[in-house]
Amino acid sequence: MVAVLPPALQEAVRRLPEAELLEVVMDLGRPPEARLVGGVARLSDVAVDADALQAVLSRVGEPGGDNRAGIERTLHRVSAIRNRQGRVVGLTLRVGRAIVGTIDMLRDLVDSGKNLLLLGRPGVGKTTKLREVARVLADALGKRVMVVDTSNEIGGDGDIPHPGIGGARRMQVSRPDRQHDVMIEAVENHMPEAIVVDEIGTSAEAAAARTIAERGVQLVATAHGNTLENLVLNPTLSDLVGGVHTVTLSDEEARRRRTQKTVTERKGTPTFDIVVEMVNREEVRVHRDTGAAVDRLLAGTEVGGERRRQQGDTVLVEATPEVVEATAPGGHVPPGTPALGAPRAGPLRIAVHAVSRELLERVLRDLPVEAVVVGRPENAELVLTARSRANSPRLRRAAERGGARVLIIKRNSATEMRRALRSELNLLEGVDPEEVRAAVADAQDAIRRVLAEGQPVALAPRPSRLRRVQHTLIIRNRLEAVSLGSEPKRHLVIYPAGTGVAETSEPEPVDEELPEDDAEAGTEAPHEEEDGSEP
């Protein structure tokens with residue numbers, strides 16, 4: 001980069017500490033300056049003239065529509081300032097460096113396969129980290145990586161990308177306003193497993209990012225903004241973290257929440273699973289669950305996040321205590337509502353496969369459970385799918401990779417989703433959640449004892465509806481159970497698999513439930529016995 005400067009400035013720049021140099025500034029009629037990490041240094045007392053500016057421009061590439069140019073096979077960037085007639089009256093020459101090891105603080109997040117967004121002010125090192133992310137994804141993890149390089153900052157100027165991006169491929173963008181088109185083109189034409197994008201800044205690019213995330217491609221990108229709050233308050237980019245909208249509550253709901261009737265809530269599922277706030281080059285703050293962090297921010301509580309600092313070769317992680325009271329889009333649920341019988345650290349993450357996501361979000365608004373809908377089965381704890389697609393190889397791989405439970409429904413309707421989720425999450429109307437939690441805990445403890453010791457275990461007496469919940473858990477663990485005694489002392493006894501006692505046991509009475517209107521299917525759904533109900 002020094003070689004493209006006028007000869008009078010080259011010696012002055014070479015006398016500066018190379019590692020401290022950030023950029024050289026040349027403005028018409030002003031003395032040239034060098035900006036360092038710790039301050040500003042004047043390079044000459046002679047003002048810059050038009051010939052000096054043209055001499056620099058003649059030695060670099062042609063500036064594009066964003067007034068940026070580069071030096072071929074390097075990462076340096078030359079940005080031009082123009083007057084109203086289009087003549088160049090100022091230049092900023094930024095030093096570009098490929099620094100190995102800059103993502104040690106974030107390596108576990110990159111390896112997770114989740115969508116990652118880096119936030120930070122200009123000059124904090126976002127692009128340097130992004131370049132290293134591309135190299136690690138391609139070389140260390142062996143993924144097919146495509147870099148969408150609008151200003152040639154990530155891969156350098158020229159047609160041959162800089163070695164700093166490793167084996168990642170690079171797509172250049174002819175005009176800055178076409179970045180969103182190239183992002184979609186990269187997915188449709190080149191079959192990547194990961195896409196790296198610098199500086200998402202328009203609503204079209206935010207929409208393209210959501211499209212990419214919904215297609216199962218890992219997305220790593222940067223955006224300007226110091227904190228997560230800046231992004232939430234930015235109407236252009238707020239969709240990256242789920243978006244926000246204002247809703248009016250009923251009087252009863254406002255009293256229950258103890259809030260005003262008009263509140264701001266998250267609109268939908270965030271595009272990026274993880275947001276990293278770059279405090280400086282050696283410190284970041286990580287929000288591992290973007291949706292939960294945004295919900296806490298909108299509720300006016302502590303946002304939390306992990307504070308990570310780089311000291312030499314050591315990464316220090318300081319976890320900020322987080323109060324997890326995430327609100328599902330469109331609804332509010334009291335903390336501690338039972339899901340699988342116990343309080344959950346954060347909302348339940350549910351994904352869909354071959355069924356309607358909009359229907360699921362509508363159903364979740366009416367259920368007393370903290371849950372959010374995520375875009376990829378790999379990031380979910382529960383995957384909802386149709387019976388006809390339950391054997392999909394992609395679904396099986398995703399469930400095995402993320403450890404998610406697969407919940408099969410018979411048809412794509414709100415009624416069927418509601419029935420299946422109530423059964424799966426042990427949601428009983430008119431029953432104290434503490435009683436459900438205690439019944440499930442009792443059954444889980446007994447199941448562990450039967451599996452470990454191979455001996456029958458009797459449970460405490462429970463009402464019929466709670467015994468059905470317990471029996472569902474027993475069946476899922478491939479054990480057998482019978483009901484003994486008379487009400488109110490009737491209880492379950494759990495036996496090891498293969499005992500055969502369930503075939504001779506007395507039938508357990510089942511509470512019938514009235515069918516619900518199935519508006520989406522256009523017919524009334526007939527009631528069918530839940531799988532795993534007590535004999």
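For the single chain, residues carry numbers from 1 onward in sequence order.
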Once you round to the nearest 0.5 Å, how far does [atom1] of [X] lie from [atom2] of [Y]?
{"X": "R14", "Y": "L16", "atom1": "CZ", "atom2": "CG", "answer": "11.5 Å"}
{"X": "R97", "Y": "L22", "atom1": "CZ", "atom2": "CG", "answer": "7.0 Å"}
{"X": "S238", "Y": "L233", "atom1": "OG", "atom2": "CG", "answer": "9.0 Å"}
{"X": "R94", "Y": "H76", "atom1": "CZ", "atom2": "NE2", "answer": "13.0 Å"}
{"X": "L367", "Y": "L348", "atom1": "CG", "atom2": "CG", "answer": "11.0 Å"}

Test item: [X] and [Y] side chains (from C-beta on) under 4.5 Å apart, heavy atoms:
{"X": "D198", "Y": "V147", "answer": "no"}
{"X": "E23", "Y": "L93", "answer": "no"}
{"X": "L228", "Y": "V294", "answer": "yes"}
{"X": "V315", "Y": "V317", "answer": "yes"}
{"X": "R131", "Y": "L75", "answer": "yes"}
{"X": "V196", "Y": "M146", "answer": "no"}
{"X": "I474", "Y": "V450", "answer": "no"}
{"X": "E199", "Y": "E153", "answer": "yes"}

Determine, for [X] against [Y], whether the closest basic-nitrogen to carboxylate-oxygen distance falls under 4.0 angstrom.
{"X": "R215", "Y": "E188", "result": "yes"}
{"X": "R210", "Y": "D239", "result": "yes"}
{"X": "K129", "Y": "E132", "result": "no"}
{"X": "R349", "Y": "D273", "result": "no"}
{"X": "R307", "Y": "E318", "result": "yes"}
{"X": "R77", "Y": "D66", "result": "no"}

Is a donor on one side and an acceptor on the other found under 3.5 Å between the side chain of [X] and the backbone of [Y]?
{"X": "E424", "Y": "L407", "value": "no"}
{"X": "E416", "Y": "K410", "value": "yes"}
{"X": "E282", "Y": "Q310", "value": "no"}
{"X": "R376", "Y": "G113", "value": "yes"}
{"X": "T290", "Y": "F272", "value": "yes"}
{"X": "T269", "Y": "V373", "value": "yes"}
{"X": "K126", "Y": "R121", "value": "yes"}
{"X": "N230", "Y": "T227", "value": "yes"}

Testing the 3.5 Å rule here: is there a donor-acceptor pair between the side chains of [X] and [Y]?
{"X": "H287", "Y": "E306", "value": "no"}
{"X": "N412", "Y": "S356", "value": "no"}
{"X": "N152", "Y": "Q172", "value": "yes"}

Assess whether side-chain contact (heavy atoms from CB on, under 4.5 Å) is satisfied between V145 and R169, documenting all intermediate values. CA-CA 6 Å; V145 182; R169 303 178 71 191; over 6 Å; no
Test I154 against every option in V197, D149, T222 by the side-chain contact (heavy atoms from CB on, under 4.5 Å) rule and name the one that passes. D149
Show, in sequence, the C-alpha distance, side-chain angles and deciding distance for L119 and N226, and conclude whether the side-chain contact (heavy atoms from CB on, under 4.5 Å) test is met. CA-CA 6 Å; L119 285 181; N226 288 338; over 6 Å; no
Show, in sequence, the C-alpha distance, side-chain angles and deciding distance for R357 and E361, and conclude whether the salt bridge (Lys or Arg N to Asp or Glu O under 4.0 Å) test is met. CA-CA 6 Å; R357 174 173 178 158; E361 290 179 338; 3.4 Å; yes
